[in-house]
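One structure is given here, and the rest of the page talks about it.
Residue numbers run from 1 in the order of the sequence given. This one's a predicted model, so the numbers in the text were calculated from it and none came from an experiment.
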Amino acid sequence: MPSAALVTGASAGIGYELARVIAADGQDVILAARSEEKLRELAALIEKESGVRAYVIPADLSKSDGASELIRKVAELDLTVETLVNNAGFGELGPYVSFPWESFRSMIQVNVMSLAELTHAYLPGMIERRQGRLLNVASTAAFQPGPLMAVYFASKSFVLSFTEAIAEETKPYGIAVTTLCPGPTMSDFIYRAQMLDSGLVKGKKLPTSREVAEFGYAALKRKQVVAVHGWNNWVFSNLPRIAPRSVVRPIVKAMNVRR
């Protein structure tokens with residue numbers, strides 16, 4: 001059975017570039033996101049520039065059955081998912097109580113539940129074949145609590161902890177398991193989260209989605225379990241190790257405040 005890489009959140013940002021980078025490495029790709037039109041444009045671009053097959057599956061992973069529907073549609077393609085990239089995710093900037101619960105329910109469903117369900121669906125096959133790659137996109141947010149982005153930071157903490165545990169469990173089988181932890185990146189994410197005026201973003205020169213994607217895929221190929229992009233982000237992610245949590249919380253809050 002032919003193999004492919006499944007990339008969620010592939011219609012924009014880091015996911016878009018990860019799909020292109022993986023395709024350039026010679027692997028067919030399955031593109032999943034909500035916007036079918038954007039996915040088809042990407043599929044055409046990938047097939048033109050890399051000469052591989054690009055399959056399109058519209059999927060809404062914020063729905064409780066979104067991941068199971070995606071799994072079903074992938075099965076219909078008769079492809080082995082050799083590489084799974086759980087990139088889909090979003091955040092909201094502002095006090096926890098200022099957003100409706102539905103917004104956070106959707107965030108947890110995408111960032112946590114769908115990621116875990118897709119991993120559960122495809123990891124057993126990788127173990128059986130003793131071959132495969134799993135790339136889960138977390139964030140530097142994973143390393144500390146995030147006042148004004150409380151649920152987003154917490155969801156990425158799950159991704160980091162979960163992926164590290166899976167990496168250790170699957171070590172005997174030779175599977176590559178990586179959690180990519182980018183900091184603020186010039187992508188659609190910061191626009192959707194309305195972060196342009198936050199201290200994390202305003203006035204900063206941010207890396208491009210392409211730079212982060214290339215870094216993350218290189219880390220996956222060398223089986224690096226935790227990959228933090230950028231020296232400044234590495235320092236920020238290690239802040240809880242050198243400062244009391246009572247100090248870290250207000251620092252992160254100040255960075256998240258809109259200026």
Side-chain angles (χ1 to χ4, degrees), residues 7-10 12-18 61-62 85-94 96 103-104 106-116 118-119 134-167 177-196 198-202 204 206-217 219-220 224-241 248-249 251-257:
V7 183
T8 68
I14 295 172
Y16 179 98
E17 297 297 348
L18 276 167
L61 297 179
S62 70
V85 178
N86 283 310
N87 167 78
F90 72 94
E92 301 278 12
L93 177 63
Y96 176 71
S103 176
F104 293 131
S106 295
M107 190 185 303
I108 294 168
Q109 184 66 46
V110 175
N111 296 7
V112 175
M113 297 295 288
S114 291
L115 178 146
L118 289 168
T119 301
L134 170 64
L135 177 61
N136 287 336
V137 180
S139 166
T140 52
F143 295 91
Q144 60 273 307
L148 302 182
M149 294 190 78
V151 174
Y152 175 75
F153 275 55
S155 72
K156 292 304 182 179
S157 291
F158 171 87
V159 175
L160 175 60
S161 177
F162 172 74
T163 310
E164 285 193 88
I166 293 298
V177 179
T178 297
T179 177
L180 172 60
C181 300
T185 303
M186 188 50 65
S187 70
D188 286 359
F189 176 91
I190 61 173
Y191 292 96
R192 177 171 181 176
Q194 299 182 21
M195 293 178 64
L196 285 175
S198 72
L200 280 171
V201 173
K202 190 173 182 179
K204 306 286 178 59
L206 303 181
T208 65
S209 296
R210 182 70 178 201
E211 290 169 338
V212 172
E214 289 175 344
F215 171 84
Y217 188 58
L220 179 66
Q224 181 178 344
V225 176
V226 179
V228 178
H229 179 264
W231 172 253
N232 290 341
N233 292 325
W234 184 88
V235 173
F236 179 65
S237 66
N238 281 278
L239 184 61
R241 295 184 179 182
V248 172
R249 291 192 296 270
I251 289 176
V252 177
K253 181 180 179 182
M255 295 176 74
N256 282 337
V257 167

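The list of side chain to side chain donor-acceptor pair (under 3.5 Å) pairs with a residue in residues 138-148, not counting sequence neighbours, is empty.
In this structure, CE in Met149 is found 8.5 Å from OG in Ser155, a value given to the nearest 0.5 Å.
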Verdict with supporting geometry, Leu115 and Leu61, side chain to side chain contact (heavy atoms under 4.5 Å, CB included): CA-CA 9 Å; Leu115 178 146; Leu61 297 179; over 6 Å; no
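Residues meeting the side-chain hydrogen bond (donor to acceptor under 3.5 Å, both in side chains) test with Tyr217, sequence neighbours left out: Asp25, Arg133. With sequence neighbours excluded, the residues satisfying side chain to side chain contact (heavy atoms under 4.5 Å, CB included) with Ala167 are Val177, Val225. Take Thr178 and apply the side chain to side chain contact (heavy atoms under 4.5 Å, CB included) test, not counting sequence neighbours, and it matches Leu135, Ala219, Leu220, Ala227. By the side-chain hydrogen bond (donor to acceptor under 3.5 Å, both in side chains) test, Gln109 is found to be paired with no residue, residues two or more places apart in sequence or in another chain being considered. Take Glu211 and apply the salt bridge (charged side-chain N to carboxylate O under 4.0 Å, His left out) test, not counting sequence neighbours, and it matches no residue. For Phe104, the ring pair (Phe, Tyr, Trp, His ring centres under 6.0 Å) partners are Tyr96, Phe99, not counting sequence neighbours.
Nearest approach of Phe90 to Tyr152, heavy atoms of both residues: O-CD1, 3.3 Å. In terms of heavy-atom proximity, Asn111 sits nearest to Gly89 at OD1-CA, 3.1 Å. For the residue pair Pro207 and Thr185, the shortest heavy atom distance occurs at O-CG2, 3.4 Å. Shortest non-hydrogen contact noted between Phe215 and Val228 is CZ-O, 3.3 Å. Of all the heavy atoms in Glu92 and Ser103, the pair that sits closest is OE2-OG, 3.2 Å. Lys253 and Leu148 get closest at one heavy-atom pair: O-CD1, 3.9 Å.
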Distance-only criterion, 3.5 Å: show the donor-acceptor pairs between side-chain atoms of residues 157-164 and protein atoms not counting sequence neighbours.
unit_1, atom_1, unit_2, atom_2, d
Ser157, OG, Ala142, O, 2.8
Ser157, OG, Phe153, O, 3.2
Thr163, OG1, Asn136, ND2, 3.0
Thr163, OG1, Val159, O, 2.6

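Between Val137 and Leu18 the shortest side-chain heavy-atom distance falls below 4.5 Å.
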